[in-house]
Number of protein chains: 2
Amino acid sequence: MATIADVAKRAGVAPSTVSRVLNESGYVSKETRRRVLAAVKELNYVPNVHAERLRTGTSKTIAFVVTEFTNPFWAEVARGVEDVVWQNGYDLILRNTAGDPERELASIRGFRRRQVDGAIFPWLQEGWAELKALDDEGVSIVVLGHAPEEYGFDVFTIDNVRGGYLATEHLLQLGHKRIAFISADFTRERERGYRMAMEKYGVTPDETLVFREYAAPELERGEIVVRRLLDQDDPPTAIFAYNDVTAIGVWMELEKQGLRVPDDVSLVGFDDIPMASLIRNGLTTVALPHYEYGRTAAEFLLRRIAERSGSSGRSVTMQPELIIRGSTRPC
Amino acid sequence: MATIADVAKRAGVAPSTVSRVLNESGYVSKETRRRVLAAVKELNYVPNVHAERLRTGTSKTIAFVVTEFTNPFWAEVARGVEDVVWQNGYDLILRNTAGDPERELASIRGFRRRQVDGAIFPWLQEGWAELKALDDEGVSIVVLGHAPEEYGFDVFTIDNVRGGYLATEHLLQLGHKRIAFISADFTRERERGYRMAMEKYGVTPDETLVFREYAAPELERGEIVVRRLLDQDDPPTAIFAYNDVTAIGVWMELEKQGLRVPDDVSLVGFDDIPMASLIRNGLTTVALPHYEYGRTAAEFLLRRIAERSGSSGRSVTMQPELIIRGSTRPC
DNA sequence: CGTTAATGTGGAAACGATTCCAGTATACCA
DNA sequence: TGGTATACTGGAATCGTTTCCACATTAACG
């Protein structure tokens, strides 16, 4: 591989001149520039990025940590992050923790060694203190979702409360009152939105309509829900499921039992997975702006790196969108 | 940030000695080692990775390019790659091309600048020549899926032909003879497997049963398929869809028209998406070893990097697995 | 007891860029 | 005509490691 010295020799100038040409800094005559550029082309020269980075003390690298990018949520966010990071000439190094605290810590330490310029982290199991240490060393940090207040990280959030609110409000506006909610252990915010909407519309939620058999496959497949629904004297006329997969599971089970959506029961999901638009006349659901989420966070991070400013404890919230399809109708 | 010189001074030794301790190379006395390690800890020293890499001429970085990691296929593969790459102390830099030739080329050039040690690429639109050039410069390359013969890349493949074969054979063994196949423009291999199985079992495929309305949403939703199926004098008793999403679409449509799976029609999908096990009694499908695919390719690449051996034109094929669930039964 | 081998250590030269400084040539202005 | 600003260039230091070489010291051995 040709070095800057080779180029310099070939062009009959000093290495510093080559550097000036390539970085467009300082004075270079038209003629010298031409000669240098020609030599660069002839030798097929590319600067050694390690030397560059050693000298300038920057790494032009952003780290992005996710818990599980097999999860479509993170995959979409990663797309957004990747796009802006590369557009700005940075590398994106990716790390999947699988929720393992060991890996979290290993990642943080690794990033310190690698002197990344910035990093985007999700909620961590442990490791907040270490992350803060990274921040203190001048590595820009942005946290996705939620972070302990006391560290003052910049936090980007998608408003899940509002998502839950929108879904529930939609059903309420259609005249439904007995609205079931299927929750999971990680969906407290969506549940809060559900309750806020109910309250706002003057309906006190019937606690027997809130399903909590967290992550049981019978729940995902809708068996429990539908069984209990059929048992009720006064069954719900609408169901809001914490995600689309569960909503579709419920839908399948309802049909198995001879109930029709939306004629007998209205159904709302959450996430807007690709299949949501394919089932029957489509599943009404709440879409989160994943891609934009990643973009915005990455843009913010890059700006902070450029400005060399530290964490400010700012927080940005992005809004979900209600997508009305064929699974809901007036009560 | 503390440097190796700081550590050396604090421990009262020379930088070279510190280096020897840290890299466990050459002779170091027990006592010196202790002192150096203590100093390292006290100063919270981490070696500067850029200096390291500049000096050693290695980057400890692997690039992984995918067309679209929002696609669960690639997300899974990425998981596999990521796991082994990190386990071996390498960085993974990730690039999503979205099938854009511009981005392909930009990535390849970028990797040259960044002096990655190795790269894993999918099928490219263009850019094969540039990739070959990278290979010639000593960057280890592995291609996923398929590559032009003439370049002699090492290629890793998942056997889609066999997948198609397994699915079809399963139906044939259940006694089905009129088996429809729903294809897409990128599923020629699966179709070949379908035809191979039919031939093997002495059944000549009825070309009216091969659906080719590529990627039309009506096809995905199963409308065309079911409509045409009902029109036939001698309708198929089984359907093999090129992927699970389409299979489920067909399933939905069949039910809408009053046909039952598997009682009236057996159904086989492809991919084994999470929802495949949730629909009714489950969708019989073909699972591809995505994660293992990524792992194996990455392990292979790392081994080649360690051995400093170039491409050899080898090719490794990984086998799919038939997963029998409730959507198929004897004819 | 002299010779050779095994340990242990420090000094200094790379690696390949950027950047500061000094120096020269030309242009401009009073 | 002399002084100063502007344009242009080369030399050398520097970033923080690794690694080669030289030099001691100690151990082993015939």
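Below, read A as the first sequence line, B as the second, and so on, with proteins coming before strands; counting in each chain starts at 1. Keep in mind it's a predicted model, so treat the numbers as computed, not measured.
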Which donor-acceptor pairs under 3.5 Å do the side chains of residues 12-21 of chain A make with protein atoms, sequence neighbours left out?
| unit_1 | atom_1 | unit_2 | atom_2 | d |
| --- | --- | --- | --- | --- |
| A:Thr17 | OG1 | A:Arg20 | NH2 | 3.2 |
| A:Ser19 | OG | A:Asn23 | ND2 | 3.2 |

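- Ring pair A:Phe73/A:His290 is perpendicular by interplanar angle, where above 60° counts as perpendicular and below 30° as parallel.
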Which atom pairs, donor and acceptor, lie under 3.5 Å between side-chain atoms of residues 86-93 of chain B and protein residues at least two apart or in another chain?
| unit_1 | atom_1 | unit_2 | atom_2 | d |
| --- | --- | --- | --- | --- |
| B:Trp86 | NE1 | A:Leu94 | O | 3.2 |
| B:Asp91 | OD1 | A:Arg114 | NE | 3.1 |
| B:Asp91 | OD1 | A:Arg114 | NH1 | 2.5 |

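- Checked against the 6.0 Å centroid threshold, A:Phe156 and A:Tyr293 do not count as a close aromatic pair.
- Between A:Arg20 atom CZ and C:dC21 atom P the separation is 14 Å, expressed in whole Å.
- Between B:Thr17 and C:dG10, a side-chain N or O to OP1/OP2 separation shorter than 4.0 Å is present.
- OP1 or OP2 of C:dT9 sits under 4.0 Å from a side-chain N or O of B:Ser29.
- In A:Glu149, the CD atom is not crowded: 12 or fewer heavy atoms of neighbouring residues, nucleotides or ligands sit closer than 6.0 Å.
- Rounded to a whole Å, the CG atom of B:Asn23 is 17 Å from the C1' atom of C:dG8.
- Listed by residue number, the members of residues 30-54 of chain B with any heavy atom below 4.0 angstrom from DNA chain C are B:Thr32, B:Leu54.
- Residue whose closest nucleotide on DNA chain C sits further toward the 5' end, between B:Pro15 and B:Thr56: B:Pro15.
- Nucleotides of DNA chain D that come within less than 4.0 Å of any heavy atom of chain A span, from the 5' end to the 3' end, D:dA7 to D:dG16.
- Expressed to the nearest 0.5 Å, how far CG of A:Leu22 lies from CG of A:Leu37 amounts to 7.0 Å.
- Contact check on B:Asp83 versus B:Arg79 returns a salt bridge, with a Lys/Arg side-chain nitrogen under 4.0 Å from an Asp/Glu carboxylate oxygen.
- Between B:Thr61 and B:Phe111 the shortest side-chain heavy-atom distance does not fall below 4.5 Å.
- With salt bridges taken as basic N to acidic carboxylate O contacts below 4.0 Å, one links B:Glu299 and B:Arg295.
- Backbone-only engagement by B:Thr3 is indicated by non-hydrogen atom pairs under 4.0 Å involving sugar-phosphate atoms exclusively.
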Between the protein and nucleotides 22-26 of chain C, which nitrogen or oxygen pairs are less than 3.5 angstrom apart?
none

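- A centroid separation of 6.0 Å or more is found between the aromatic rings of A:Phe69 and B:Phe69.
- Between the C1' atom of C:dT18 and the NZ atom of A:Lys60 lies a distance of 15 Å, rounded to the nearest Å.
- Relative orientation of the A:His146 and A:Trp123 rings is parallel, given thresholds of 30° and 60° on the angle between their planes.
- The pair A:Glu150-A:Lys132 fails the salt-bridge criterion, with no side-chain N (NZ, NE, NH1 or NH2) lying under 4.0 Å from an Asp/Glu carboxylate O.
- Under the 3.5 Å distance criterion, with hydrogens and angles disregarded, no donor-acceptor pair is assigned to the side chains of A:Thr317 and A:Asp159.
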For DNA chain C, what string of dots and brackets results from 5' to 3' when Watson-Crick and G-U pairs need both distances under 3.5 Å, crossing pairs get [ ], and pairs with another strand get |? ||||||||||||||||||||||||||||||

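- A close approach under 4.0 Å does not occur between any side-chain nitrogen or oxygen of B:Tyr27 and OP1 or OP2 of C:dG8.
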